[in-house]
Peer 1: 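The structure under discussion is supplied below as structure tokens; questions concerning it will follow.
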Amino acid sequence: MQAAIRSFVSSGNVVKASLLQHRRVIQPSVFCTRSESTHTTISDVMNAKGKSAEGSWLWCTTDDTVYDAVRFMTQHNVGALVVVKPGEQQSLAGIITERDYLRRKIIVQGRSSKSTKVEDIMIEELITVTPETKVLWAMQLMTDKWKNNRIRHIPVIKDKGMVGMVSIGDVVRGVVNDHCEELNRLNAFIQGGY
């Protein structure tokens with residue numbers, strides 16, 4: 001018996017190679033498409049946040065100082081604010097994040113946050129989603145290293161107006177929820193409970 005085990009272990013590479021020849025290995029897709037089988041949408045994620053999905057976002061204006069914007073983020077324990085033009089709360093001008101303050105445009109460059117306006121450092125080119133967007137697609141948009149996105153907050157737009165904002169944490173929870181549901185369906189199928 002031990003001789004057979006030693007023989008099997010010593011020829012393990014031969015057995016492994018033989019098994020791999022008869023097995024079709026499917027590489028996972030690097031990019032997801034909108035037609036993935038996930039069901040959770042950004043609207044579901046916003047509803048799960050506990051607040052009314054409509055209007056659950058914080059904002060500042062282009063005329064505010066960076067200091068006031070950062071203080072507001074700290075008071076509300078958020079990492080980003082939508083930036084609007086004064087008097088136009090539904091019209092997006094950009095977004096300001098804690099990363100803009102810390103890493104990119106204020107601290108590192110030695111600028112004063114009390115004298116710098118939000119419009120001077122905000123990100124104007126926004127990546128947005130709709131309430132109907134699938135969470136897997138949103139995650140790809142937020143983390144797409146090929147397009148150098150790597151963003152943590154994404155505004156939700158409906159009918160050209162802002163309806164909310166979700167973070168990468170919110171999106172990850174949605175994706176995990178989808179995977180758990182799929183796992184439960186597969187387990188039920190395997191166990192014959194379908």
Side-chain angles (χ1 to χ4, degrees), residues 32 34 38 40-175 177:
C32 303
R34 287 181 184 251
T38 60
T40 303
T41 63
I42 293 297
S43 179
D44 297 330
V45 168
M46 290 172 54
N47 289 330
K49 288 176 79 168
K51 298 177 183 174
S52 162
E54 300 292 319
S56 62
W57 51 282
L58 299 172
W59 54 274
C60 65
T61 69
T62 54
D63 291 340
D64 290 336
T65 65
V66 172
Y67 177 83
D68 290 334
V70 171
R71 187 176 54 161
F72 192 62
M73 281 189 264
T74 303
Q75 287 172 346
H76 293 279
N77 197 28
V78 297
L81 297 174
V82 171
V83 182
V84 297
K85 293 180 181 173
E88 300 178 30
Q89 287 186 9
Q90 292 295 316
S91 178
L92 292 177
I95 191 169
I96 182 172
T97 69
E98 59 195 0
R99 294 170 90 188
D100 296 327
Y101 173 73
L102 292 172
R103 296 184 183 174
R104 296 186 185 120
K105 299 170 184 162
I106 297 294
I107 298 294
V108 173
Q109 293 181 6
R111 296 167 74 178
S112 169
S113 62
K114 290 187 176 183
S115 63
T116 304
K117 297 286 184 190
V118 167
E119 73 178 333
D120 294 337
I121 71 161
M122 70 182 185
I123 299 167
E124 295 180 62
E125 294 179 20
L126 292 176
I127 297 171
T128 62
V129 293
T130 67
E132 295 78 28
T133 302
K134 303 290 186 191
V135 290
L136 201 54
W137 179 248
M139 179 182 278
Q140 181 179 343
L141 286 173
M142 296 173 83
T143 61
D144 192 348
K145 69 180 180 181
W146 304 114
K147 294 181 182 174
N148 213 18
N149 292 346
R150 296 184 183 160
I151 56 177
R152 295 182 183 178
H153 303 87
I154 194 163
V156 183
I157 307 296
K158 181 179 181 181
D159 300 326
K160 297 184 182 180
M162 176 87 176
V163 295
M165 178 141 46
V166 293
S167 70
I168 189 66
D170 299 327
V171 172
V172 166
R173 278 187 290 281
V175 170
N177 182 54

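All values reported here derive from a predicted model rather than from experimental measurement.
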Peer 1: Measure the shortest side-chain to side-chain distance between Lys85 and Thr61 over non-hydrogen atoms and say whether it is less than 4.5 angstrom.
Peer 2: no

Peer 1: If you apply the rule side-chain contact (heavy atoms from CB on, under 4.5 Å), what do you find for Leu92 with Ile157, and how did you get there?
Peer 2: CA-CA 10 Å; Leu92 292 177; Ile157 307 296; 3.3 Å; yes

Peer 1: Minimum heavy-atom separation for Val175 and Met139, please, with both atom names.
Peer 2: CG2-CE, 3.7 Å

Peer 1: Would you give me the side-chain donor-acceptor pairs under 3.5 Å for residues 112-129, sequence neighbours excluded?
Peer 2:
from   : atom 1 : to     : atom 2 : distance (Å)
Ser112 : OG     : Lys114 : N      : 3.3
Thr116 : OG1    : Ser112 : O      : 2.7
Lys117 : NZ     : Asp63  : O      : 3.0

Peer 1: Hey, could you give me the CG/CD1 distance between Asp64 and Ile96, rounded to the nearest 0.5 Å?
Peer 2: 9.0 Å

Peer 1: CG/Leu81 to NE2/His76 distance, rounded to the nearest 0.5 angstrom?
Peer 2: 8.5 Å

Peer 1: Any side-chain heavy atom of Met162 within less than 4.5 Å of one from Val156?
Peer 2: no

Peer 1: Test your reading of the model: is there a side-chain donor-acceptor pair from Asn47 to the backbone of Ser43, 3.5 Å cut-off?
Peer 2: yes

Peer 1: Kindly compute the distance separating NE2 (His153) from CZ (Arg99), expressed to the nearest 0.5 Å.
Peer 2: 9.5 Å

Peer 1: Identify the two heavy atoms, one from Phe72 and one from Trp59, that lie closest to each other, and give their separation to 0.1 Å.
Peer 2: CE2-O, 3.7 Å

Peer 1: Should Val78 and Met165 count as side-chain neighbours, where that means a heavy-atom distance under 4.5 Å?
Peer 2: no

Peer 1: Given side chains that start at C-beta, do those of Val171 and Met142 come closer than 4.5 Å, heavy atoms only?
Peer 2: yes

Peer 1: Test side-chain contact (heavy atoms from CB on, under 4.5 Å) on Ile42 and Met46 and set out the steps.
Peer 2: CA-CA 6 Å; Ile42 293 297; Met46 290 172 54; 3.9 Å; yes

Peer 1: Taking all non-hydrogen atoms of both residues, which atom of Pro86 and which atom of Thr62 are closest, and how far apart?
Peer 2: CD-OG1, 3.5 Å

Peer 1: Please round to the nearest 0.5 Å and tell me the distance separating atom CG of Asp68 and atom CD of Gln75.
Peer 2: 9.5 Å

Peer 1: To the nearest 0.5 Å, what is the distance between CG (Asp170) and CZ (Arg152)?
Peer 2: 13.5 Å

Peer 1: Under 4.5 Å between any side-chain heavy atoms of Asn177 and Arg173, yes or no?
Peer 2: no

Peer 1: May I ask you to decide if Leu141's main-chain N or O and Asp144's side chain share a donor-acceptor pair within less than 3.5 Å?
Peer 2: no

